[in-house]
Structure formats: C-alpha cells, structure tokens
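Here the structure is laid out as structure tokens; the discussion comes afterwards.
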Amino acid sequence: MASNRVTIQDLADNLGLSKFSVSRALSGKPGVGEATRNRVIRAAHSMGYRVNQDVNYTVGHILFIRQEIDPVSSELWLNIMHGAEREGERLGFAILPRQARHLNDAAQLESSVVGIILAVPRPSEWSALAVRTGVPVVCASYASPMEHIDQVVGADWESGYGVAQMLLKLGHRNMAFVHGSATPMGRAERFRGFRDGASTADDTHVDDIVFDESEGFRSAFFRYLRAGKEPTALFCAHDGIAIAVISELLRLGIRVPEDISVVGFNDFASAMHMSPRLTTVRTPQVEMGAAMVRCIAERLASTEARNRPPVRLALVSEIIERESAAEAGKTDWLPRVLAIAG
C-alpha cells in the first residue's frame with residue numbers, strides 16, 4: 001500500500017511513465033524491462049513510497065572499493081562496509097567489495113553496477129577512474145577541493161574542537177596533537193579544530209608531536225620536552241597512536257591520567273581493552289556507510305538528481321569519557337624524564 005504522501009501516480013509523473021508500467025514494475029510482474037523496473041524501484045525508495053516487502057527487489061550492485069587494509073584502519077573500513085551492506089539490503093542494492101585496482105579497467109565493470117563507494121584513504125588517487133564509469137560516486141574520506149563527487153565523512157573539525165573544550169574544563173592549558181608524518185585531510189581538520197577549541201581560553205598552548213613509527217613515540221616525545229614543553233594532555237590522531245603513546249608514557253614512569261591525560265579517536269574495540277580505558281571520540285562509522293548508499297540511491301532516482309551539485313556530508317561524532325583523561329596534574333615528573341632523555 002502506498003503512503004498517504006506518495007502514490008503510484010506521483011511516481012509515474014516523476015518518471016514520465018504510465019501508471020500501468022509503474023504498477024507492474026512495483027509488483028514484480030512481467031511487461032516492463034529490467035532497466036525500467038530498476039528505475040521505478042529506485043525512485044520509489046527515494047520518494048518514500050512503501051514497496052511490497054514480499055517482492056525481492058534488487059536494483060543493482062554498488063562497488064565498495066577499498067585498498068589493502070592495514071591493521072590500524074581495518075576496523076574503520078569494516079564498520080563502514082557493514083553500514084553500507086545494511087542500508088543496501090533495505091534499499092535493494094547488493095554491496096560488492098573490490099580492490100581499488102579493479103577500477104583500472106572500467107570497461108570490464110559488471111553491467112549491473114549502479115554506483116561506487118570509494119572507501120580508500122586518498123580518494124583523489126582513484127576518483128578520476130571511478131567517475132569515468134559514468135555511475136554515481138561517493139567517497140568515504142575527503143575529496144579533492146571542488147571535485148565533483150559526493151563525500152561522506154565524520155565532522156573532524158568539530159571533533160577536535162570538542163576534545164579541546166573537554167580538556168579545558170579539566171584545567172589543561174598545555175596540550176599537543178600526536179599524529180603521523182603523513183597528515184590526511186581528516187587529521188588536519190581535527191588538529192585545526194583542536195587548536196580553535198583551545199584558543200577560547202587564555203594562556204593555552206597547543207603544539208603537535210609527529211609520531212614516526214620507524215622511531216617510535218619516545219624519541220619524538222623527548223625532542224618535544226627538550227624544546228621546553230610541559231604537556232598535561234595529548235590528543236592522538238587515532239586510537240592506535242593513543243595506545244602506543246600510553247604504553248610509552250607508562251614505561252617512562254609517567255602516570256595516565258594523573259600526570260598526562262590521553263585522548264584517542266575512533267573508539268575502536270581496543271579502547272575498552274586497555275588500562276586505563278581510553279577516552280576517545282566515537283565516530284559514526286556504520287552510519288557513514290549507510291549514508292553513502294543513500295547518496296547513490298538519491299542520485300539514481302532521476303536525471304534532475306544526477307545533475308545536482310556534489311554533496312559534502314559530515315556526520316557528528318561524540319566524545320566517550322573513560323579513565324585516560326582527568327583533571328590536569330602537575331609536571332613534577334619532567335626533570336626525571338628529561339634526565340632519561342639526556
């Protein structure tokens with residue numbers, strides 16, 4: 001049964017089809033081509049028409065393009081894919097995971113492919129190939145400026161701002177952002193938000209510490225301390241860095257959070273399986289995957305929707321407060337650690 005707002009006639013008028021064709025497409029009966037049936041079902045989902053749940057609709061495949069998954073980001077991409085699969089099932093799309101190299105020969109893509117999700121750290125490396133396929137493309141990280149593809153990310157600037165505000169309320173004034181030598185746009189936005197949030201209080205100092213995995217956190221931390229810094233809080237670019245930072249601080253005899261508070265990002269499962277449990281930012285990873293499928297479905301609903309300007313969608317995260325962050329402590333540990341640093 002149609003909803004009170006959307007009728008079969010509404011669908012027919014929107015698509016430029018007869019009411020008879022729309023009715024047969026929705027009922028799963030023969031008499032309409034597969035392309036027309038898919039078009040009707042996509043429009044029905046997009047416009048909010050309640051389709052018959054007893055009919056098994058599959059309106060196409062969405063490629064979930066990923067690169068080799070490293071241990072740090074595997075949980076992130078798997079959660080995003082889970083959200084895409086769940087929303088795809090609801091809307092009638094099948095999600096097909098593929099390695100990014102699959103895009104090298106766009107001519108060989110399955111004819112049933114109706115959209116592409118770029119779930120890769122640097123979408124600019126693959127977006128041109130994806131767009132060349134002619135189907136809607138949405139990326140799960142930051143697109144290049146002015147690039148004409150949709151984008152769904154977490155609200156990174158807001159997350160950084162929120163972490164700074166939380167730490168300010170705990171009395172912290174000397175803080176640092178710990179990140180890798182490569183700084184993707186999302187991490188840069190977190191750092192920018194962190195600095196902006198900290199700047200709302202007087203006498204606040206925010207720096208950054210570059211975490212080079214080849215040398216470990218200790219060397220970078222020692223250089224930071226030798227420069228005259230006295231941090232009471234560290235905000236880490238992701239939970240993996242936060243875990244490494246806490247481990248090294250404890251080896252140096254620096255207590256967490258009594259001496260230094262540590263905050264992570266992403267709220268991976270490991271955040272709960274360490275001591276102290278990690279205060280972190282929980283990003284809406286599953287919801288991001290679902291939102292990307294909806295972006296594609298909306299683009300497919302009509303020619304008008306395909307021609308709309310690209311969308312930049314940012315989903316707001318939340319701070320999960322646990323034991324690794326507390327009120328600012330004293331830095332009476334500093335002389336002892338500087339002596340170790342030499």
[X] with [Y], same ILVMFWY side-chain cluster at under 4.5 Å:
X      : Y      : result
Ile62  : Ile80  : yes
Met272 : Leu76  : no
Val206 : Val281 : yes
Leu252 : Met274 : yes
Tyr224 : Ile246 : yes

Test side chain to side chain contact (heavy atoms under 4.5 Å, CB included) on Leu168 and Arg173 and set out the steps.
CA-CA 7 Å; Leu168 288 177; Arg173 294 297 181 270; 3.4 Å; yes
Residues [X], [Y]: salt bridge by 4.0 Å N-O rule:
X      : Y      : result
Glu215 : Arg223 : yes
Arg294 : Glu298 : no
Arg195 : Asp208 : no

With the side chain counted from C-beta on, respond yes when [X] and [Y] share a heavy-atom pair under 4.5 Å apart, and no when they do not.
X      : Y      : value
Met47  : Asn14  : yes
Ile260 : Leu249 : yes
Ile254 : Val337 : yes
Arg86  : Val286 : yes
Leu300 : Arg306 : yes
Val153 : Leu315 : no
Val245 : Phe221 : no
Val152 : Val138 : yes

Does the cation-pi check pass for Arg190 over Phe235, that is, NZ or CZ under 6.0 Å from the six-membered ring centre and within 45° of its axis?
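No, Arg190 does not sit over the ring of Phe235.
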Atom of [X], atom of [Y] and distance for their closest heavy-atom approach:
X      : Y      : value
Tyr142 : Gly154 : OH-O, 3.7 Å
Arg322 : Ala271 : NH1-CB, 3.7 Å
Arg312 : Ala143 : NH2-CB, 4.0 Å
Gly264 : Ala242 : CA-CB, 3.9 Å
Ala84  : Ile95  : O-CG1, 3.6 Å
Ala328 : His172 : CA-CE1, 3.4 Å

Does the side chain to side chain contact (heavy atoms under 4.5 Å, CB included) test come out yes or no for Leu278 and Val263, once each step is laid out?
CA-CA 7 Å; Leu278 185 63; Val263 180; over 6 Å; no
Do you see a donor-acceptor pair shorter than 3.5 Å between the side chains of [X] and [Y]?
X      : Y      : result
Ser317 : Glu158 : no
Asp156 : Ser159 : no
Asp239 : Thr280 : yes
Glu147 : Ser124 : no

Please lay out, stage by stage, how Val293 and Ile117 fare under the test side chain to side chain contact (heavy atoms under 4.5 Å, CB included).
CA-CA 8 Å; Val293 171; Ile117 291 173; 4.1 Å; yes
Listing request: all side-chain hydrogen bond (donor to acceptor under 3.5 Å, both in side chains) pairs with a residue in residues 330-342, at least two apart in sequence or in separate chains.
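Passing the test, one end in residues 330-342: Glu230-Thr331.
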So, the side chain of Asn104 versus the backbone of Arg101: is there a donor-acceptor pair under 3.5 Å, distance only?
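Yes, because the side chain of Asn104 sits within donor-acceptor range (under 3.5 Å) of the backbone of Arg101.
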Taking atom CD of Glu89 as the centre, does the number of heavy atoms from other residues, nucleotides or ligands within less than 6.0 Å exceed 12?
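Incorrect, the count does not exceed 12.
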More than 12 heavy atoms of other residues, nucleotides or ligands under 6.0 Å from CD of Glu327: yes or no?
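No, because the 6.0 Å sphere around CD of Glu327 holds 12 heavy atoms or fewer from other groups.
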Single hit among Ile296, Ile149, Val137 for side-chain contact (heavy atoms from CB on, under 4.5 Å) with Ile116:
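The single option meeting the side-chain contact (heavy atoms from CB on, under 4.5 Å) with Ile116 is Val137.
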side-chain contact (heavy atoms from CB on, under 4.5 Å) partner of Asn266, chosen from Arg282, Gln285, Glu75
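When Arg282, Gln285, Glu75 are each tested with Asn266, the side-chain contact (heavy atoms from CB on, under 4.5 Å) holds only for Gln285.
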Take His205 and Lys229 through the side chain to side chain contact (heavy atoms under 4.5 Å, CB included) test and state the conclusion after the steps.
CA-CA 9 Å; His205 301 280; Lys229 308 297 183 178; over 6 Å; no
